[in-house]
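Scroll down for the structure; my scribbles are underneath it.
Sequential numbering from 1 along the given sequence is applied to the chain's residues. Start at 1 and go down the list; that is how both ligands and their atoms are numbered.
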Amino acid sequence: MSSFVVLGAQWGDEGKGKMTDYLAETAEMVVRFQGGNNAGHTVEVGDKQYKLHLIPSGILYDNKVNIIGNGVVLDPEALFNEIEYLEGLGVKVTPEKLLISDRAQLIMPYHKVLDGLKEKKRGKNDIGTTGKGIGPCYTDKMERSGIRVCDLLEEDTFKEKLQDALEIKNPFITDVLGGEAFDFDEICEKYLNFAKKIRPFVTDTSVKVYDSIKASKKVLFEGAQGTLLDIDYGTYPFVTSSNTIAGGVCTGGGIGPTMVNSAIGIAKAYTTRVGKGPFPTELEDEMGAWLRDKGQEFGVTTGRARRCGWLDLVILKSSARVSGLTSFAVTKIDTLAGLDKIKVCVGYDLNGEVIDYFPASLKKLAQCKPIYEEFDGWDESIKDATTYEELPSNAKKYLKKIEEFTGVKVAIVSVGPKRNQTIRISDI
Ligand code: GDP
Ligand code: IMO
Ligand code: MG
C-alpha cells in the first residue's frame, strides 16, 4: 500500500500545485478531497504555466487518473471552463483521466451570490472569501439541503431539490440580504445541460481510490488551502469551510485512515495569507513589500496581493501535530536569497508567558507577540542548487531549525517554480 497526502501547512499558496506535480510523477492517481475552485494551484512545466482551481494537478500528465472526491464542492460552470482552458493549452481532459464523485456537492448559482451578499452584510468584519460560493455550499451540505452530483443526473430529483432550495433561498436573498431572486427555469436549463456533459465523468470514486490502493498503486491526495484555513483548526471564522488537514482525506476521499501512509506538509520558507484574519508574523512594512515583490505574492484565484511575513514555526508545529505530518517540503527558499538577516518565529509571548502553540481564541492570538530568532542569509546561487550539498550553509541551518522545532524532517526543498528546481533530501 502506498498512498500519501500533500497538504498546505500555512494559509494556502505554499506551492502545493508545484509539489503535487513533482510528486505525481511516480503516482498513478491524484485525488482532490476538499475545497473547490477557491483553490489556485500553479504548475510550471517547461515554458508553460498552468493555473488549476478544481481539477487535480495530475491532469497535466497523460497517464494519471485524477479524482474529484466526494468532499469537494463542485461548480459545474467552473469545471467546464477549466476543461476548456486546459484543452486550449493542449491538455486532454477525458473521462479516462478525470473521475468525479457522484456524492460531491454542487455549487449552485445562489451559493455564489449568497457568498457575496453575506460578505457585504459582514461589513468590516468580512472574511475576504474568494466569492466562489464555497461557504454557502458547505452550509447546505451540513444542513442536509445540498444538491449532489448524483441528484443532477436524475432530472426529477434535481428539479425537486432545486424547487425546495429556491423556496428558502429566494426570500432569504431578497428579503434579508437585499438581492435578486433566482428563476427556477433558468437554473434548470443551465444545470440539466451540465448534467449531459458531466455524466461520462461521474462514478463512485471511493471504490476507485480503494481499489487502486489495494492494488498497490501509488495514490496522491492533493490538499487545497492550508492548516490555518481549516474549519476546525484554522483561525476561525477567518477560514474556509472544509477540513484541509489530513483527516479530510478520509471523509472527503472515501477511505479509512489505515490506508494513508504518509503526509507531507508544504511550507513556504516565509508566511503569506490572502484574505482577512490574524497573522502574528505579518510584516506591514517595506520588508513585507519586498517579500511580496520578490515572491510574486498575488492570489491565483482572485489576483489579490498576499499579506507577507516571516516564517512562523509555531504554525508549522501545529500543522505537524494536527495532520500527523511525516515530512515537510519547504518551498520558495530562493525568494529569501539576498537578505542579510532572516527572522524566524520560535514562540509567542502571551502577556509574559512564552507559548509554542496556536491559541484558539482570536483575542488571545491578537495579544501574542512573536519571539524571533535571527538567521544569517544566503545568496542567489540557491536557485541553481540541485543537491542538498550545494545549498548554502546558512540555508541548511535554516532548514535544520525547522526540523528541530517541529520534530519533522525536511525531505524536499524547492528552489524555483519548475519541476526540476526541486531538491530531494530524503524519502517522503
Ligand atoms: P498552491 O496554491 O499551494 O498550489 O500555491 P500557488 O500556486 O497559489 O502559489 C505558489 C506560487 O509559487 C506559484 O506561482 C508557484 O509557481 C510558485 N512556486 C512554487 N514553488 C516555488 C519555489 O520554490 N520558488 C519560487 N520562486 N516559486 C515557487
Ligand atoms: P490554495 O489551494 C489561499 C481563503 C480566502 C479567505 C478564506 C475563505 O490555492 O492554497 P473561501 O472562498 O474558501 O470561503 O474563503 O480562505 N482561501 C485561500 N487562501 N489559498 C487558497 O487556496 C485559498 N482558498 C481560500 O482568501 O481568506
Ligand atoms: Mg494557491
Side-chain angles (χ1 to χ4, degrees), residues 6-22 32 34-45 48-54 56-57 72-73 75 107 111-112 114-116 118-119 122 126-139 222-231 234-242 244 265-279 291 294-307 329-337 380 382-383 385 412-423:
V6 169
L7 294 163
Q10 293 147 327
W11 273 290
D13 304 326
E14 300 90 347
K16 297 176 294 294
K18 176 203 157 153
M19 290 315 308
T20 297
D21 173 69
Y22 168 78
R32 275 282 307 269
Q34 48 70 231
N37 60 314
N38 48 349
H41 296 181
T42 316
V43 181
E44 287 192 21
V45 187
K48 275 193 181 160
Q49 190 189 60
Y50 304 87
K51 294 178 180 198
L52 296 150
H53 298 283
L54 185 57
S57 301
V72 171
V73 285
D75 178 346
I107 295 182
H111 289 139
K112 292 184 257 188
L114 278 168
D115 198 351
K118 283 187 171 178
E119 280 284 85
R122 288 182 190 114
D126 66 334
I127 294 165
T129 73
T130 59
K132 305 292 180 189
I134 307 297
C137 185
Y138 277 117
T139 302
E222 177 183 7
Q225 291 84 52
T227 306
L228 287 184
L229 290 171
D230 181 90
I231 188 76
T235 44
Y236 190 91
F238 299 96
V239 292
T240 191
S241 299
S242 64
T244 61
I266 314 301
K268 208 178 270 189
Y270 45 102
T271 313
T272 63
R273 162 161 218 179
V274 60
K276 292 212 180 167
F279 181 172
L291 284 171
K294 181 102 189 285
Q296 279 303 294
E297 296 296 350
F298 298 92
V300 181
T301 300
T302 58
R304 289 177 292 179
R306 293 175 184 148
R307 299 155 63 191
V330 176
T331 61
K332 302 192 90 159
I333 195 156
D334 53 304
T335 300
L336 296 178
E380 296 290 343
I382 195 165
K383 68 178 188 310
I412 299 174
V413 181
S414 173
V415 293
K418 295 193 191 308
R419 250 181 217 172
N420 60 4
Q421 291 179 298
T422 314
I423 298 171

For ligand 2, the portion of [X] having any non-hydrogen atom under 4.0 Å away:
X      : value
Phe238 : neither
Val274 : both
Thr302 : neither
Arg273 : neither
Lys16  : side chain

Member of Met19, Lys16, Lys18 meeting the side chain to side chain contact (heavy atoms under 4.5 Å, CB included) criterion with Thr331: Met19
Among Thr129, Asp126, Thr235, side chain to side chain donor-acceptor pair (under 3.5 Å) partner for Lys276: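 That would be Asp126.
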Residue, atom name and distance, where the atom is the protein heavy atom closest to [atom]:
atom                    : result
atom 18 (C) of ligand 2 : Leu229 CD1, 3.6 Å
atom 16 (O) of ligand 1 : Pro417 CB, 3.5 Å
atom 10 (C) of ligand 1 : Asp13 O, 3.8 Å
atom 23 (C) of ligand 2 : Gln225 CG, 3.6 Å
atom 9 (O) of ligand 2  : Gly40 N, 2.9 Å
atom 2 (O) of ligand 1  : Gly40 O, 2.8 Å
atom 3 (C) of ligand 2  : Asp13 OD2, 3.2 Å
atom 9 (O) of ligand 1  : Arg306 NH2, 3.6 Å
atom 5 (C) of ligand 2  : Gly128 O, 3.5 Å
atom 4 (O) of ligand 1  : Gly17 N, 2.8 Å

N/O/S atom of Gly17 inside 2.8 Å of the Mg ion (ligand 3), strictly under: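 No N, O or S atom of Gly17 is closer than 2.8 Å to the Mg ion (ligand 3), so no.
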Atoms of ligand 1 close to His41 [distance to a heavy atom under 4.0 angstrom, numbered from 1]: 1 (P), 2 (O), 4 (O), 7 (O)
Where ligand 1 meets Gly15 - atom numbers and elements under 4.0 angstrom, heavy-atom basis: 1 (P), 3 (O), 4 (O), 5 (O)
Is any side-chain heavy atom of [Y] closer than 4.5 Å to one of [X]?
X      : Y      : answer
Asp13  : Lys268 : yes
Lys132 : Thr301 : yes
Val6   : Ile266 : yes
Tyr236 : Ile231 : yes

Nearest neighbour of atom 3 (O) of ligand 1 from the list Gln49, Lys16, His53, Gln421, on a heavy-atom basis: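 When every heavy atom of Gln49, Lys16, His53, Gln421 is considered, Lys16 comes closest to atom 3 (O) of ligand 1.
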Option set Asp126, Val239, Thr240, criterion heavy-atom distance to atom 13 (O) of ligand 2, minimum: Thr240
Asp13 atom (N/O/S) at minimal separation from the Mg ion (ligand 3): OD1
Evaluation steps, side-chain contact (heavy atoms from CB on, under 4.5 Å), between Ile333 and Val415: CA-CA 6 Å; Ile333 195 156; Val415 293; 3.8 Å; yes
Contact (N/O only, under 3.5 Å) between Thr129 and ligand 2: no
With heavy atoms only and a cut-off of under 4.0 Å, state how [X] meets ligand 1: side chain, backbone, both or neither.
X      : answer
Val415 : backbone
Asp334 : side chain
Lys332 : both

Gap between atom CD of Gln225 and atom CG of Asp230 - 0.5 Å precision: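 Asp230 atom CG to Gln225 atom CD measures 10.0 Å (nearest 0.5 Å).
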Derivation and outcome, side-chain contact (heavy atoms from CB on, under 4.5 Å), residues Val300 and His41: CA-CA 7 Å; Val300 181; His41 296 181; over 6 Å; no
Whether Gly416 lies under 4.0 Å from ligand 1, heavy atom: yes
Donor-acceptor pair, side chain of Glu297 and main chain of Thr272, under 3.5 angstrom: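 Here the side-chain-to-backbone pair does not exist.
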Under 3.5 Å: donor-acceptor pair, side chain of Arg122, backbone of Gly128: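 Such a contact is absent between Arg122 side chain and Gly128 backbone.
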